[in-house]
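Start at 1 and go down the list; that is how both ligands and their atoms are numbered.
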Amino acid sequence: MQHALLKIEAAGYQASDLACVGITNQRESIVTWDKLTGEPLHPAILWSDARTSSTVHELVEKANGDANVLVPLTGLPLNTYFTAVKLRWLLDHVPAVAQARDQGRLLFGTMDSWIIYNLTGGAGKGIVATDVTNASRTMLMNIHTLQWSQEAISFFGFEGIDLPKLQSSSHSFGSICTQDGYDGVPITGCLGDQQAAMVGQKCFNPGDAKSTFGTGCFMLFNTGDRPVMDAQGLLSTVAYQFGDDKAYALEGSVAVAGSSLNWLRDNLRVVRDAQQVNELASQVEDCGGAYFVTAFAGLFAPYWREDARGTICGLTQFTRLEHLCRATLEAVCYQTKAILDVMNNVSGQPLRILKVDGGMSNSDLCMQIQADVLGIEVDRPLMRESTALGAAIAAGLGAGIWSSVHDLQKVNQQGRTIFEAKISQDKRDQMYQGWQKAVQSAYGWSLPTPVAATC
Ligand SMILES: Nc1ncnc2c1ncn2[C@@H]1O[C@H](COP(=O)(O)OP(=O)(O)O)[C@@H](O)[C@H]1O
Ligand SMILES: O=P(O)(O)OC[C@H](O)CO
């Protein structure tokens with residue numbers, strides 16, 4: 001908060017100039033806390049944390065082996081990724097959480113709920129709320145009615161636990177009450193980060209799609225005012241709800257994107273930073289036959305293989321670090337292609353332009369490879385903080401600064417870069433066939449035997 005205040009002041013404004021605030025956050029990650037003290041009961045469990053694998057297996061068993069049992073209701077398959085699975089794990093493994101539940105003191109939520117609670121006063125005062133985009137990632141919301149689902153709640157055994165109040169993405173969540181200069185500023189917007197990026201990229205029409213290349217990579221495709229339920233390995237999710245205006249999306253989630261570059265830097269210690277990965281990768285024309293399946297904690301969409309693990313294959317005597325760096329960039333591009341192939345199939349309308357943002361989209365090389373691998377245009381804005389822009393838009397709509405998304409046509413149009421595919425279809429097919437073989441090699445490394453969930 002203080003850091004933000006310094007930036008506001010450096011730009012010539014004061015906190016009192018703020019009309020409203022929008023929240024955006026990593027989705028699925030969970031915090032549990034004590035209603036009486038406002039203190040966390042356990043460190044947050046992040047979306048990508050796979051410690052809940054055994055819980056998934058138990059839940060799948062309970063569903064007679066059907067990992068897709070809640071897909072028609074929630075749009076999501078049983079997987080370590082989603083919030084409800086993490087809460088089940090916490091109740092089963094952390095005595096403080098189980099005890100708080102028994103004593104009626106347990107509060108839980110995704111990161112937005114935790115932030116809103118603390119910004120609005122914390123213990124005894126803070127508002128416990130979430131918006132429908134974040135709730136659509138918990139596995140506890142009925143995706144059709146946008147209400148908490150009693151059926152899902154009883155499936156997970158969460159009867160009697162207080163759930164955050166469900167609101168639309170533009171709503172008066174409460175006013176900031178932190179006594180550090182922002183007091184009284186209303187919080188009028190809240191969206192999960194990937195949905196916020198979708199709003200920031202103005203994907204307001206059915207058929208619009210964006211991919212955010214951050215720690216993970218998430219492609220969301222606007223499907224209009226109804227969820228697509230036969231998603232063939234993709235997730236059905238809420239894109240946004242602004243008053244009566246709501247949209248759904250198909251989502252393809254890639255668990256590891258920019259984090260694979262961090263892995264080269266921090267674990268292998270072979271590069272200084274992400275930029276050096278690009279510099280090395282651009283020194284070779286291709287990967288020399290090498291592939292890197294970055295399945296550090298299984299593979300998400302459209303594969304949903306928890307048993308997959310990171311695999312580097314196709315190495316020869318001549319493979320160099322430069323090839324490995326390029327293979328690392330290519331990995332996210334191939335996973336994006338696997339997702340887009342399914343999206344095109346499900347939607348019946350092949351995508352022609354993919355809007356991109358996120359830290360990894362800073363790499364011209366990676367975006368060129370992406371255009372080459374997909375065979376369509378990749379469109380990158382100059383201002384790439386689409387997630388923050390989307391949160392600001394949600395807040396502005398909530399505060400009446402704009403009356404509808406139609407008022408936003410001119411926002412962030414300047415300086416877009418278009419990457420066009422430059423390789424032949426034969427070359428594209430040959431590269432992708434190699435990737436598909438590499439994916440097969442990544443399966444079966446993590447025991448117990450996999451739960452292959454396809455929704
Ligand atoms: N120039 C670059 N080229 C490739 N990847 C980059 C570059 N700069 C940052 N990244 C990657 O982007 C990721 C961070 O992106 P960001 O959108 O900030 O992620 P998040 O919102 O998930 O924290 C890092 O994992 C980093 O490896
Ligand atoms: O910002 P990222 O890449 O960690 O993405 C977090 C997503 O919300 C996870 O679903």
Side-chain angles (χ1 to χ4, degrees), residues 23-30 44-50 75-76 79-83 85-86 110-112 115 130-131 133-139 190-198 200-201 210-220 234-235 237-239 249 251-268 270-282 294 296-297 300-301 325-333 335-336 339 356-370 380-381 383-391 417:
I23 308 283
T24 185
N25 56 285
Q26 266 191 354
R27 308 162 307 162
E28 299 96 16
S29 305
I30 185 173
I45 299 186
L46 296 196
W47 63 271
S48 52
D49 192 314
L76 311 174
N79 188 274
T80 56
Y81 187 17
F82 305 109
T83 318
V85 175
K86 299 178 197 297
T110 40
M111 302 315 297
D112 52 315
I115 293 168
T130 190
D131 91 301
T133 65
N134 278 294
S136 74
R137 317 298 296 188
T138 60
M139 277 197 107
C190 176
L191 287 163
D193 60 357
Q194 302 308 323
Q195 283 88 341
M198 195 171 184
Q201 287 272 23
K210 72 88 205 177
S211 254
T212 300
F213 293 71
T215 306
C217 182
F218 303 87
M219 187 194 289
L220 273 75
L234 305 179
L235 308 175
T237 206
V238 180
E251 173 172 327
S253 327
V254 176
V256 174
S259 54
S260 57
L261 278 66
N262 301 351
W263 183 82
L264 292 177
R265 182 195 64 198
D266 302 335
N267 295 42
L268 295 197
V270 289
V271 291
R272 190 180 58 242
D273 53 23
Q275 187 44 36
Q276 197 186 6
V277 177
N278 293 309
E279 284 158 20
L280 290 167
S282 61
T294 51
F296 295 140
F300 283 5
C325 287
R326 192 169 172 118
T328 308
L329 298 178
E330 287 192 357
V332 65
C333 300
Q335 288 174 83
T336 300
I339 288 166
V356 295
D357 49 58
M360 211 175 166
S361 75
N362 287 318
S363 164
D364 285 3
L365 177 62
C366 186
M367 294 304 99
Q368 183 58 53
I369 295 172
Q370 186 65 91
R380 184 182 67 184
M383 200 297 285
R384 298 201 253 290
E385 295 296 343
S386 314
T387 305
L389 178 59
T417 306

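The aromatic rings of W47 and F218 sit perpendicular, their planes meeting at an angle over 60°, well past the 30° parallel limit.
Comparing heavy-atom distances from atom 5 (N) of ligand 1 across L264, T328, T24, L261 singles out L261 as nearest. Comparing heavy-atom distances from atom 3 (N) of ligand 1 across L329, T212, N278, D357 singles out N278 as nearest. When C366, G258, S363, G359 are ranked by how near their heavy atoms come to atom 14 (C) of ligand 1, first place goes to G359. Scanning F82, F218, W47, Y81 for the heavy atom closest to atom 4 (O) of ligand 2 points to W47. Closest heavy-atom approach to atom 1 (O) of ligand 2 within the set D193, T24, V256: this belongs to D193. In this structure, of V277, N262, V332, D273, the residue bringing a heavy atom nearest to atom 26 (C) of ligand 1 is N262.
If you number the atoms of ligand 1 from 1 as listed, the ones under 4.0 Å from a heavy atom of S259 come out as 25 (O). Per-residue contacts place E28 under 4.0 angstrom from the following atoms of ligand 2 (heavy atoms of the residue considered): 9 (C), 10 (O).
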Practice task
Determine, step by step, whether N134 and N25 satisfy the side chain to side chain donor-acceptor pair (under 3.5 Å) criterion, reporting the C-alpha distance in whole Å, the side-chain angles of both residues, the deciding distance to 0.1 Å, and the verdict.
Solution key: CA-CA 9 Å; N134 278 294; N25 56 285; 2.9 Å; yes
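The closest donor-acceptor contact from the side chain of S260 to the backbone of V256 lies at 3.5 Å or more, if one exists at all.
Between R137 and ligand 2, no pair of N/O atoms sits closer than 3.5 Å.
Under a 4.0 angstrom heavy-atom cut-off, G216 registers as being in contact with ligand 2.
The protein non-hydrogen atom at the shortest distance from atom 23 (O) of ligand 1 is T215 OG1, 3.6 Å.
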